Amino acid sequence: MKVTCFSDSLLDWYQHQGRKHLPWQQTQDPYRIWVSEIMLQQTQVTTVLGYYQRFMTRFPDLASLAAASLDEVLHHWAGLGYYSRARNLHRCAQQVVAEHQGAFPVHDQQLMEALPGIGPSTAAAIRAFSTGARAVILDGNVKRVVARYFAIEGWPGQSAITRLLWQKADQLTPDTRLAEYTQAIMDLGATCCTPRNPQCGSCPVQEHCQAHLQGRTDQLPTAKPGKKLPEHTRHALLLTNPAQHLLLEQRPANGIWGGLWSLPEFDEASQLQQWLEQQYPGSSLTGDVHQQLHTFSHYRLQLMIHSHQLNTDAANPGEPRAEPGYHSRPLNWYDPDTRSSIGLAAPVSRLLQARSKTS
DNA sequence: GATACGTGGAT
DNA sequence: TATCCAAGTAT
């Protein structure tokens with residue numbers, strides 16, 4: 001059968017060419033596998049390695065994660081991006097403790113998908129790796145391999161295409177050796193069937209790959225329709241007190257850098273000025289302004305950073321408080337030297353990085 | 001169904 | 001430098 005041919009060839013390739021020594025491959029513990037799968041969502045292996053090591057050292061099991069504060073979880077996630085993953089990870093840990101007696105329902109795909117941050121592909125990956133059950137994944141690697149193997153036209157972002165890819169991925173998935181197969185098809189996409197310049201010469205299924213046979217590997221899968229990123233400008237306040245602490249504001253749980261601590265941010269410079277004078281009467285801006293450019297997947301952010309140093313007799317320097325209105329979020333002074341366990345947003349970590357370089 | 005959500009690696 | 005895109009999910 002064709003199906004058997006694909007998985008057999010792939011598994012044979014995996015024996016020699018596959019990755020088998022990644023940290024999360026040395027266990028069948030659903031917790032460890034789960035953390036790795038969440039971190040690896042839309043994130044490359046090399047980026048994850050360091051984060052995973054530190055995270056597992058601090059949160060070695062589900063109970064330790066469930067008992068931790070969200071701030072500390074975000075502290076260990078800061079820099080990885082897509083922070084809803086960290087918030088959902090924390091929520092999920094508490095939910096598994098409360099509703100599943102501390103054990104992931106790895107034998108039930110639907111129950112797994114019901115957990116925060118776990119979708120169909122992640123649920124399948126956790127199940128395949130921890131139990132060896134037959135479960136079908138569809139990540140970026142598999143999409144590319146399947147789209148090429150069957151020469152499926154159309155951008156995978158369209159739901160009809162995704163549906164078809166799921167169906168084809170299911171067809172290719174064998175009934176046995178699921179842990180190996182799941183790793184193998186991801187490895188093939190990551191190291192052989194790459195987005196550009198795929199190494200078809202060393203591909204175990206090249207003889208049956210429609211894209212290869214048609215010489216169209218460079219056209220499949222169909223590229224995402226390109227669009228220009230919109231650009232936004234916002235204004236951030238870099239306020240320093242006499243102790244050289246920075247004023248940070250916790251961002252709302254939704255939106256960019258959700259739950260992380262960042263510089264107080266405003267739509268307009270005038271709003272920033274107004275807020276500053278309200279909080280610290282008699283203060284005036286130093287006039288030092290510099291820019292940070294942040295490029296996200298969906299827009300570019302020009303952040304104008306307005307620096308200001310509070311003098312000693314400024315009112316209430318230790319306890320800034322939010323006014324009701326457009327700013328009513330938690331505020332805190334942050335000491336860069338005694339790093340507390342909170343998640344710092346990119347604008348802050350970039351500032352501190354630049355600062356440590358010059359000093 | 002389309003959009004929001006981060007950051008860094010690769011080319 | 002610019003662009004793509006990565007072990008996707010939630011809304």
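Nothing here was measured: the structure is a model prediction, and the numbers come from that model.
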Output a table of nitrogen or oxygen pairs between the protein and nucleotides 9-11 of chain B separated by less than 3.5 Å.
{"from": "dG9(B)", "atom 1": "O4'", "to": "Q44(A)", "atom 2": "OE1", "distance (Å)": "3.0"}

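Residue pairs meeting the salt bridge (Lys or Arg N to Asp or Glu O under 4.0 Å) criterion with at least one member in residues 79-91 of chain A, sequence neighbours excluded, do not occur. Every pair passing salt bridge (Lys or Arg N to Asp or Glu O under 4.0 Å) that includes a residue from residues 178-207 of chain A is listed here, sequence neighbours excluded: R19(A)-D187(A), R177(A)-E180(A). Applying the ring-ring contact (aromatic ring centres under 6.0 Å, His included) test to residues at least two apart or on different chains, none of the pairs has a partner in residues 166-197 of chain A. Residue pairs meeting the ring-ring contact (aromatic ring centres under 6.0 Å, His included) criterion with at least one partner in residues 104-144 of chain A, sequence neighbours excluded, are W34(A)-F104(A). Within the structure, the ring-ring contact (aromatic ring centres under 6.0 Å, His included) test picks out the following pairs touching residues 224-248 of chain A (sequence neighbours left out): H232(A)-Y299(A), H235(A)-H306(A).
Nearest-nucleotide positions on DNA chain B for T43(A) and A160(A) put A160(A) closer to the 5' end.
Against DNA chain B, the stretch residues 116-141 of chain A makes no heavy-atom approach under 4.0 Å. At a non-hydrogen distance threshold of 4.0 Å, G255(A), I256(A), W257(A) from residues 254-262 of chain A come into contact with DNA chain B.
Stretches of at least 3 consecutive Watson-Crick or G-U wobble pairs, with each checked distance under 3.5 Å, appear in DNA chain C as B:2-5 with C:8-11, B:7-11 with C:2-6.
Applying the ring pair (Phe, Tyr, Trp, His ring centres under 6.0 Å) criterion to Y52(A), with sequence neighbours excluded, gives W24(A). In terms of the side chain to side chain contact (heavy atoms under 4.5 Å, CB included) criterion, residue partners of H75(A) (sequence neighbours excluded) are, by chain and number, S341(A).
Ring orientation note: the planes of F55(A) and W77(A) are nearly perpendicular, at an angle over 60° on the 30°/60° scale.
Put simply, H298(A) has no side-chain N or O that comes within less than 4.0 Å of OP1 or OP2 on dT3(B).
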Could you go through residues 211-222 of chain A and list every donor-acceptor pair under 3.5 Å that involves a side-chain atom there, pairing it with any protein atom two or more places apart or in another chain?
{"from": "Q214(A)", "atom 1": "OE1", "to": "R216(A)", "atom 2": "NE", "distance (Å)": "2.9"}
{"from": "Q214(A)", "atom 1": "OE1", "to": "R216(A)", "atom 2": "NH2", "distance (Å)": "2.9"}
{"from": "R216(A)", "atom 1": "NH1", "to": "E153(A)", "atom 2": "OE2", "distance (Å)": "2.6"}
{"from": "R216(A)", "atom 1": "NH2", "to": "E153(A)", "atom 2": "OE2", "distance (Å)": "3.1"}
{"from": "T222(A)", "atom 1": "OG1", "to": "G154(A)", "atom 2": "N", "distance (Å)": "2.8"}

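Minimum atom distance to the side chain of L22(A) is reached by dA7(C), of the listed dA7(C), dG1(B), dG6(B).
Contact annotation for G79(A): backbone-only contact, meaning every heavy-atom pair under 4.0 Å involves sugar-phosphate atoms and none involves a base.
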